[in-house]
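Report on the following structure.
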Amino acid sequence: MKVIYTDVLIIGGGLAGLRVATGVKERGHEAVVLSLVPPKRSHSAAAQGGMQASLANSAMGEGDNEDVHFEDTIKGSDWGADQRVARMFTHCAPKAIRELAHWGVPWSRVKRGDHQSIINAQKVTISEKDEAHGLITARDFGGTKKWRTCYTSDGTGHSMLYAMDNKAHEDRVEIHERLEAMALIHENGRCYGAVARNLMSGELVAYVSKATTIATGGYGRIYEVSTNAIICQGTGQALALESGVATLGNMEAIQFHPTAIVPVGILTTEGCRGDGGLLLDKDGYRFMPDYEPDKKELASRDVVSRRMTEHMRKGKGVKSRYGDHLWLDITILGREHIEKNLREVKEICENFLGIDPAEEWIPVRPTQHYSMGGIRTKHTGESQTLKGLYSCGEAACWDMHGFNRLGGNSVSETVVSGMLVAEYISDFLDSSDSDITIHTKNVEKFVKTEQAKLDKLLENEGGEDAYVLRRRMEKIMMEKVGIFRNGKDLKEAVDELEELLKRSKNIDVFRSKSRAANPALVNAYRTQKMIRVALTVAMGAYLREESRGAHSREDFPERNDEKWLKRTITSWPDTEQTLPTVTYEDIDISEMELPPGFRGYGKDMTIHNSATKEAQEKVDSIKAKMEAEGKDRFEIQEALMPFKDILPKKYQGKNERLTERLENE
Amino acid sequence: MSKDKAPRILKIDILRFDPHDPEDFPSMERFEIEESHGMTLFIALNDIREHHDNSLKYDFVCRAGICGSCSMLVNGRPTLACRTLTSKLDEHITLAPLPLFELIGDLSVYTGKWMRGLNEKLETWIHDKENELNVDKLEEKMEPELADEIYELDRCVECGCCVAGCGTIQMRPYFKGAVGLNKIARYHLDPRDKRSDEEYYELIGNEDGVFGCMTLLGCEDVCPKDLPLQSKIAYLRRMMLKTAVKN
């Protein structure tokens, strides 16, 4: 048995995983990153539009700060988010972006003077101040009060990931590429690393560590069409689930992005609409103002996706051989703007559609894009139930997005959660709690179990074809666990997936029998894991009898704070179970800085919780009293919901802005 | 492909080889598949794997022309397979792995390992020992045009096409390639990187660096991101000569 010991095992080499690695290195701990692909190829690279951070440098961002960013994030989440976590996040986002600037990201900058922009289909002139010249600029994104989304053209994720991976090179982080974690090693509620498989040689290796971090991104590929990279298969969530101890949170919270191209589902960034692009129907009519007169194309993603679907159901979609779609019109932005700020979009249109988006409209429709749910953790990133297991980024549910994530908040989350979780892990490593006490005999057991599973797949004869099961799962998720959901379809989805799960125990890897690099074997074991993850999504959606954020039930159209202001927690305690175990975790209104209210889209259908009114009155009276006493926004915030003391010390400081200068020490 | 005509049957010849199997030797294998509307090589290869031969090895990640994983020789020319539409190709297509890189099997090569080595050698990160960052303070300013220029060079996806298309590297295995030289041009442009011209000279002022380039410029022809490799190599050469003369 090959065993590799390290302080921190990090599974996943995207932005979140790499940021954890450099963070623990800085604190003097060793780290090994396992990555399916070379880290620079991770899905983080595909984030086009930008990263939210309330720098308030540009004219349209003036007046922005952590408070505004916090409020946008909580409303966006439809009050599903953990408000303390959202506070930690909005407080640290400016720090994370400045750190990345220091490490080499060529953020687009503010240019002084007048320049033309398109807002609500009108040309407007925006004047940038002299003193802001050369600071990081921002663009508009959906669901935000201010222009807050910082960017590098439309290759933001690419630039961030390259800077981050280069930083990891500099810090000599050990990165083991083309390695796949197969199972967590754990004992008595404590995680000690993972069994990993080398995807080139097929060798199984035991990585034994004091702390283990899962940063493997989302699970979009359980759907037939997704904007996600093909490696976003939910294997990280499956690892946690299959431990039988760790839990998952809000798996049913799935985001559909309004503008992926048809049919292949590749994303065109929200920056298209942020910069002034419009959505048009088959008659070339701009329909969003009819549904959302206030935010129009820039309503929150869940809202725009639903409105588009509604509009297509009214027969207003463009017919195509791949089903109905709508148009995204960015021709009004002009060629110069497109070629400078939306060039990735232009390349995608040219290469995959054969059109020039400066001349022609882009065929788009809402497509699976983001997983708000994931491995349920505390605010420290540590699993609530499996000690020593951490998770961050899209893989986790710590939970800052609730039931809908704002555009630009996800790449931001990767680096912010990475830098914070690195500190919490380091604190854990500095304590004696982190000692490795597992016997090698027990480590070996985990390796043998994985070996036996692989042997069974390769030796089985006359069993099931993994591709057939997987395609069926993808179809079920598309058709029955989509944008609009209902009890009947969801029940069918759960039943059918359960049947697929049973069949998946009898998968046979036919013809391709190699134990080394073998795509058929990989597909076989990943299909088994994916079906399990799909079941947690379908089951959570079936049981949640309300509509909140991206989870929209036609049979329960109202957000029900009385019954459903809680997180769905899923686990799989017994491997023989054919359905996940589902429990709930209440969200306490009395602890909220921003008690539940109306998001401001469509008609208010909220069934309010009886505690909401009291909580709102309490918040209002504290605010009124303190404002009368002349207290500043920081003091008022502190009184409403303190969070600074749970932040690592080094990140507690206030953020400087042009209008909020810090005293020079 | 017009709607009325019967779909073409593509004849795709793929160079197969499993270096892990001592019995195996390289051979071409033909697969015939029906072309579909908007088919890319990503879709075609997945079709082959799912319906013809599930052992076929290749690498796709983003399948959107962003991550640089899927470079291969398409009819002898290095390019990103994921964004190659079959409608733009003849019905007879030849696919082979990218040369020069470690072969994992069939069309899968280990470009990542080569790029890692390159990045470590050229230290492709910001060198700044003087400025301690205070994350609370306003960021350092940068001219907007300069940020755009740096981004222009930062767009490289390390796909390896320029290396596969390079004449020099056939003779000088340690040649840094256009990918490496472009990275140096990028950091040289970046005021946050405090390395001196002399330090850059140490890295590329030799025949494995900018003086090795024979100016065949296959790199620029095949770069899927249209990076200005020719002008950047010429620029670096002038700069390195100046540095050499000065010292």
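Quick note on labels: first sequence line is chain A, next is B, and so on, each numbered from 1.
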Taking every non-hydrogen atom, the tightest pair across A/Tyr467 and B/Arg49
OH-CD, 3.2 Å
Taking all non-hydrogen atoms of both residues, which atom of B/Val157 and which atom of A/Arg41 are closest, and how far apart?
O-NH1, 2.9 Å
Quick test of your reading of the model: are [X] and [Y] salt-bridged, counting only N-O distances below 4.0 Å?
X	Y	value
A/Arg178	B/Asp59	yes
B/Asp53	A/Arg511	yes
B/Glu120	A/Arg172	no

Which ring-ring contact (aromatic ring centres under 6.0 Å, His included) pairs, counting each pair once, include a residue from residues 116-141 of chain B, with sequence neighbours left out?
B/Trp125-B/His127
For residues A/Asn166 and B/Asn119, determine if any side-chain heavy atom of one lies less than 4.5 Å from a side-chain heavy atom of the other.
yes
Set of residues satisfying ring pair (Phe, Tyr, Trp, His ring centres under 6.0 Å) with respect to A/Tyr151, sequence neighbours excluded
none
Can you name the residues of residues 180-187 of chain B that have some heavy atom under 4.5 Å away from a heavy atom in chain A?
B/Lys183, B/Arg186, B/Tyr187
Find the one option among B/Glu143, B/Met142, B/Lys113, B/Glu50 whose heavy-atom pairs under 4.5 Å with chain A are most numerous.
B/Glu50
List in chain and number order the residues that pass salt bridge (Lys or Arg N to Asp or Glu O under 4.0 Å) with B/Arg83, two or more places apart in sequence or in another chain; answer none if no residue qualifies.
A/Glu347
Heavy atoms from other residues, nucleotides or ligands near CD of A/Glu350 exceed 12 (cutoff 6.0 Å):
yes
